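Take a look at the structure below.
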Amino acid sequence: MTASIQIQKTPELQYLLRLGDTCLILGQRLGEWCGHAPVLEEDIALTNMALDLIGQARALLTRAGQLQSPAFDEDQLAFLRDERDYLNPTLVELPNGAGRPGDFALTVLRNLMVATLLKLLWQKLAESSDSELAAIAGKAIKEARYHQQHAADWVVRLGDGTDESHRRSQAALDALWRYTPELFEADAVDEAAAASGLGPRWADVREAWMAEVGDVLAEAGLKPPADSVFRSTGKTGVHTEHMGYILAEMQHLQRAYPGGAW
Amino acid sequence: MTETQTQNEWPLWEVFVRSRAGLDHKHCGSLHAADAQMAIQMARDVYTRRQEGASVWVVPSSQITASDPADKGMYFDPAEDKVYRHPTFYKLPKEVDHM
């Protein structure tokens, strides 16, 4: 077994890992639909999006690894970190729903939440003081726009669809909503990024996120539940029990066959 | 397939993709979708994921009227021996050759 790498958790690195791990872990979750989506066309759409996200993760992890001394490559960062060193918000590590491959309503609702967040972040990251990050953002924003549109379309169809699709969409919203405040929680990592011009505080896009997601939910006839005091903590590396299973699946090959490549 | 199954299935759409501005939209396949908007989105994901497209059309398959395969002989075979319908059949005067 290959040993885990030890990263230096500078604010800059944490900021990039939060973004990169969001893409990496959601991409992994969407990949679980491969061969299982409700219709063939949707199967291709979900896996296209999974690959877009993995592509974004690769670029971000590559950039993050260059900032470390000694430097790490994308594979080391993706596959050889311990769980506490993954900094994605909890929302993206939650299962797609009960069982496998899970619940389609929950999947598209989470996609809407994350794609809206990423789209708004990429818009601001295109102005990043880090020209590499700005270039990644310029490419990713087109993908995020499509992901948002695709997800919004489904959320409205299902929320405003049959009794069953509405019930399941509302249940998904009730389950996911309490994981959204974490997205916009301010902390020192975000403050440092805002100060250096690396990127926006995630809290800076909260208002726009609420407006865009709120419009789609209203059109879908879905109501967010009351806010709760619960705060998830994935962005600081403290994850749910689901994270270990994802990492086991993701890391198995690289740890069993170190350096293995296609 | 029973009648109910047929009714529950999403309608079929024909997909036309234009690969570059200036070229024609070419028929490239079909897919099932609940409505036109979904059909466009699915066509994007199914038929343009390898950079094939600059524009997509979808048309309900039910809206296409096709010739009857049984008429194939009567419709198309008579053209076989009418080579004079091709411009290449005519010899041009040397002065205007290579038109």
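A quick note: this is a predicted structure, and the numbers were derived from the prediction, not measured.
- No side-chain heavy atom of B:Gln37 sits under 4.5 Å from any side-chain heavy atom of A:Gln149.
- Within 6.0 Å of atom NZ in B:Lys91, 12 or fewer heavy atoms from other residues, nucleotides or ligands are found, so the atom counts as exposed in its surroundings.
- From A:Asn48, atom CG reaches atom CZ of B:Arg44 across 6.5 Å, with rounding to the nearest 0.5 Å.
- No more than 12 heavy-atom neighbours from other residues, nucleotides or ligands sit within 6.0 angstrom of CZ on A:Arg58.
- Contact of the B:Asp45 side chain with the A:Glu42 side chain is not registered, since no non-hydrogen atoms from C-beta on lie closer than 4.5 Å.
- Taken to the nearest 0.5 Å, the CD atom of B:Gln41 stands 5.5 Å off from the NE2 atom of A:His150.
- Atoms CG and CG, on B:Asp35 and A:Asp153 in that order, are 7.5 Å from each other to the nearest 0.5 Å.
- Side-chain N or O atoms of A:Glu41 include none that pairs as donor or acceptor with a backbone N or O of B:Ala43 at under 3.5 Å.
- Taking a 6.0 Å sphere around CG of B:Asp77, one finds it holds more than 12 heavy atoms contributed by other residues, nucleotides or ligands.
- Crowding of A:Glu219 atom CD: a count of heavy atoms from other residues, nucleotides or ligands under 6.0 Å not exceeding 12.
- Taking a 6.0 Å sphere around CZ of A:Arg206, one finds it holds 12 or fewer heavy atoms contributed by other residues, nucleotides or ligands.
- A 6.0 Å sphere centred on CD of A:Gln66 holds more than 12 heavy atoms belonging to other residues, nucleotides or ligands.
- A salt bridge is absent between A:Asp52 and B:Arg49: the closest approach of a Lys/Arg side-chain nitrogen to an acidic carboxylate oxygen does not fall below 4.0 angstrom.
- No other option in A:Thr47, A:Asp43, A:Ile44 has as many heavy-atom pairs under 4.5 Å with chain B as A:Ile44.
- Looking at B:Ala33, neither its backbone nor its side chain comes within 4.5 Å of chain A, counting heavy atoms on both sides.
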